[in-house]
Amino acid sequence: MQKNLVIKGAREHNLKNISLTLPRNKVIVITGLSGSGKSTLAFDTIYAEGQRRYVESLSAYARQFLGIMNKPDVDSIEGLSPAISIEQKTTSKNPRSTVGTVTEIYDYLRLLYARVGTPYCPIHNIPIEKKTPDVITNIIRKEYPNKDIILLAPLIRQKKGTYERLIKDLDKEGYRRVRVNKQIIRTDEKISLERYKKHDIEIVIDRLNTLDGARTQEAVESALTKGEGLIIVLDGNEEKLYSSKMSCPHCDITFEELQPRMFSFNSPFGACETCSGLGYKEEIDPDIVVPDKSLSIADGAIIPFKGIVDGWRIRQISTVAKKYGFDIFTPLNELTDKQFNITMYGTTNKLRFTYVSKNTEAKVQYDSKYEGIIPLLERLYRQTQSDYRRRDIERFMRFYPCPTCGGKRLKDKILSVRINNKNIMECTDLSIKDSIKFFDNIKLNEKQHIIAKQVLKEINSRLRFLDNVGLSYLTLSRTAGSLSGGEAQRIRLATQIGSNLVGVLYILDEPSIGLHQRNNNLLIKTLQQLRDIGNTLIVVEHDEDTIRNADYVVDMGPGAGIHGGEIIALGTPEEIEKNKKSITGKYLAGTLKIDVPKKRRHSANSILVKKAREHNLRSIDVKIPLGLLTVVTGVSGSGKSTLIHDVLYRSLMKKFYKSKDVPGDHDTILVPKELDKVIMIDQSPIGKTPRSNPATYIKVFDDIRALFAQTKESKIRGYKPGRFSFNVKGGRCEACKGDGLIKIEMNFLPDVYVTCEECRERRFNKETLEVAYKGKNIADIIEMSVEEALEFFVHIPNIKRKLQTLSDVGLGYIKLGQPSTTLSGGEAQRIKLTKELAKRATGNTLYLLDEPTTGLHFHDVKMLLGVLNRLVDKGNSIVVIEHNLDIIKTADYIIDLGPEGGDEGGMIVATGTPEEVAANKKSYTGSFLKKVLNDDIR
């Protein structure tokens, strides 16, 4: 087998005909400035070629379903293994997808519970097991050794009737005694029972001593036959019920044979019937419909009817109000509970309403119940065919835990199947760390252990893989859509380790995202473990620890975009550090570094969060100073996102913008008067379609279109700015509707996109493209990089200012018209920052950022810090959730959460300046920070 991976003449995107040789069965890190071509080399060249070769190795029949994969622009790649890509893309937003389902642990749990789970009666909480007559006989002889007992066969259980005929029939069959309502009587006696009272009737099968095994066996079989699977043992005044069926002996709840599909919340066999296995219901929330009860109905208190002063609905409410002693001018907080509930939920009795025709003004009177605002909105939501109307009503809806299953997703019967006193959903609600303890200490009998041995082995190994990549704080029930990009990638990484493949080329995209320095070693060991079993790993990464622990490093640059695409340095981390041309090497050697500010800013005002206790937060009081760069730190799962996103952000959104999102659980938040705006800048895409791009998002394209409309040619032709938009008719190519590509829908296959023959991917029609500014038409402008456009529009202040901010955050390499769907999470976040920077300074805004250093090289982090400090210097406040020590050491104030993740986190470990946190011996962040600060002093 070839010892090296040899790439010759790679020219994809911005790669400049590069050739390199990479060692196989090693951990290789590709690093360099953002946009220097790292992902192009790793994913668009090496991985794409590996995929293409795999597809070509398949039969012609299989290939027709996969389509033709384009060959990357490379002369040759030798020594290429089968390639698996573990990218940073976010996981499925499907609410049915959880950590358990993604890792397949839940599939093994379903199998485990189906095979060794014990059903319990949901009402009587007793175990339900199917027992043969032999087993029941042995149990009775064991529980009643050498005792005189009576065996009874239940016939009637809590049913009304006289039952004279039944008892006569039993006498004819030869049964001499029955027990009626706890009293034993003869069947040949006259019995009078009250018809409308409930009764219990059992046949006395035998009176015997349990030493006589044969007689006991015969009596048990006879009793089970007559009692349809039930038997009662009477020992003096004490009695006990046994069942040979999978049913509760005390009630009619019966279990069929347990199957894995019964434990799936995606299957009708197991899913809660109320919420269909989602665990929640979306319902109209009265607090959103009526957010301000100090207003009257006439003043617009009912938001859906706001502004409709003389509409039919308001007149209907006026009639109801008159009947119940108030009017539409009464503030809602002055209504009685009865008056308010009638307004919101309707009446049970009919009222007389008057309908006035708008056209003829004729009056029609009719009697009807008043429906109520909430039931009306619910009915309209169910009945409407209009997407617009549905979206409009959804503004007044909120997610509530399902009233039937309480958010547990499964049917009540299925939730009563337990192993070691835990049902399957209680098991998935444990953190990975606690799950490992649970399965290590699981108690099974010998038979159950033999059945479950292989399943438990698979569950334990997968749980440990998740623990090894720093995800011990996650629960298996956590929805996949709530995971960060780094968490999702490490879950896929853990799944791959579990597969134990050998001879594979793994390509990873920044697996260290969202990982605290303390957990970095675990991740590095995991990567080395994959290498040691015979795999090659190519990791696109900026993390210093990962670079220093690599076997081989590829440093790309020297710049971004058109200034990148070259190999600057190759070799071991030590060799890179000594390379004078490598920017990465200079940062590793310490000749280039991000300086600690000479002076920290101080604040007079703070936001005070009191008793935050959402998720794992332990009723903490937090002070967030205004006018500073504040960094929230802590190990993964310590509660950082819960505090900043769920509690702080949602509370401020509700305060400033009347948001319907429910804030995380806390007592109160005290906000200084000068703060009037909050903006969350996260890593979600800036648009959901390829039509969205950086130029349209930061509004610079509006200025460019206006500029084109001012040209002499445009004025002669009467073109307005809209002519230069590919989203509206007029100037765009109508053949492809301005997409540049035409989508061909394939039944049962992914859609295929082909180049539009009319515009050849130029997106505009011929007439529009004839208008030029300084020799460039609008399609040429869209294809420019930010850097090129900045030079081109250098004399147009409005355009230059907006483009300059893109360049300032290190995005000079991206194209103005680059589809938003192709941008990484870090790039999307920096574009959002740019939009804020481009606005006129007002101050008094709180910016919340979640790991803005994602995808950034050391040098890019330096540029980002400059941008953040510019925002703070304008009077704004910034709170950043971050693990990057270069950001942490330059902060004005740090809030360190921990000490651990999950249930062992949620507390404030340290607060203060970086120097104060570094001096705190309890803080994991502080210990790493101390080393960095000391290095900087040296």
Side-chain angles (χ1 to χ4, degrees), residues 91-120 122 258-267 269-272 275-280 399 401-402 404-444 452 455-467 469 471-483 487-488 490-492 494-495 498 615-616 636-637 642 901-904:
T91 45
S92 165
K93 295 294 181 188
N94 187 334
R96 295 184 179 278
S97 184
T98 66
V99 171
T101 59
V102 169
T103 56
E104 297 176 0
I105 293 172
Y106 192 71
D107 296 331
Y108 286 104
L109 281 177
R110 291 194 293 120
L111 184 60
L112 182 72
Y113 271 81
R115 296 294 173 256
V116 300
T118 304
Y120 282 72
L258 296 178
Q259 298 174 3
R261 66 182 181 180
M262 294 167 71
F263 295 91
S264 171
F265 44 76
N266 296 325
S267 160
F269 292 95
C272 167
C275 64
S276 303
L278 287 172
Y280 59 79
F399 292 116
C402 170
T404 305
C405 68
K408 296 293 184 186
R409 296 176 171 239
L410 296 173
K411 291 175 181 173
D412 202 28
K413 263 172 70 171
I414 307 305
L415 290 171
S416 61
V417 179
R418 300 179 208 158
I419 295 176
N420 284 192
N421 217 29
K422 281 194 187 297
N423 65 42
I424 192 167
M425 295 316 287
E426 286 170 340
C427 193
T428 61
D429 285 341
L430 295 173
S431 67
I432 301 293
K433 188 177 179 181
D434 290 337
S435 292
I436 290 170
K437 285 181 191 171
F438 175 76
F439 286 107
D440 279 348
N441 300 312
I442 197 167
K443 290 180 175 65
L444 302 173
V455 181
L456 285 171
K457 182 186 171 187
E458 291 292 338
I459 291 170
N460 280 320
S461 67
R462 278 167 164 76
L463 287 171
R464 280 185 166 77
F465 291 140
L466 289 169
D467 189 37
V469 291
L471 296 173
S472 60
Y473 58 92
L474 288 181
T475 62
L476 294 176
S477 57
R478 171 99 170 250
T479 54
S482 69
L483 298 170
E487 286 170 336
R490 291 198 294 282
I491 282 175
R492 286 196 288 274
T495 308
H615 297 323
N616 67 334
S636 303
T642 301
D903 292 340
E904 293 176 33

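From a predicted model like this one, the values you see are computed outputs, not experimental measurements.
Listed by chain and residue number, nothing satisfies the side chain to side chain donor-acceptor pair (under 3.5 Å) test with T118 (two or more places apart in sequence, or in another chain). With sequence neighbours excluded, no residue forms a salt bridge (charged side-chain N to carboxylate O under 4.0 Å, His left out) with D467. Every residue meeting the side chain to side chain contact (heavy atoms under 4.5 Å, CB included) condition with S276, not counting sequence neighbours, appears here in chain and number order: R96. E458 pairs by the salt bridge (charged side-chain N to carboxylate O under 4.0 Å, His left out) definition with R462, not counting sequence neighbours. Y280 is linked by a ring pair (Phe, Tyr, Trp, His ring centres under 6.0 Å) to F399, counting only residues two or more places apart in sequence or in another chain. Listed by chain and residue number, D440 satisfy the salt bridge (charged side-chain N to carboxylate O under 4.0 Å, His left out) test with R464 (two or more places apart in sequence, or in another chain). Judged as a side chain to side chain contact (heavy atoms under 4.5 Å, CB included), and not counting sequence neighbours, the contacts of T428 are Y106, L109, M425, L476, S477. The side chain to side chain donor-acceptor pair (under 3.5 Å) check on Q259 picks up R261, with sequence neighbours excluded. Evaluation of the side chain to side chain contact (heavy atoms under 4.5 Å, CB included) rule for K457 yields Q454 as partners, not counting sequence neighbours. In this view, A271 satisfies the side chain to side chain contact (heavy atoms under 4.5 Å, CB included) rule with no residue, not counting sequence neighbours. Applying the side chain to side chain donor-acceptor pair (under 3.5 Å) test to D903 and every residue at least two apart in sequence or in another chain returns nothing.
Across all their heavy atoms, N616 and G902 have their closest contact at ND2-O, 2.8 Å.
Within the structure, salt bridge (charged side-chain N to carboxylate O under 4.0 Å, His left out) contacts touching residues 404-418 (residues at least two apart or in different chains) are E273-K411, K408-D429.
Expressed to the nearest 0.5 Å, how far OG of S472 lies from CG of L463 amounts to 11.5 Å.
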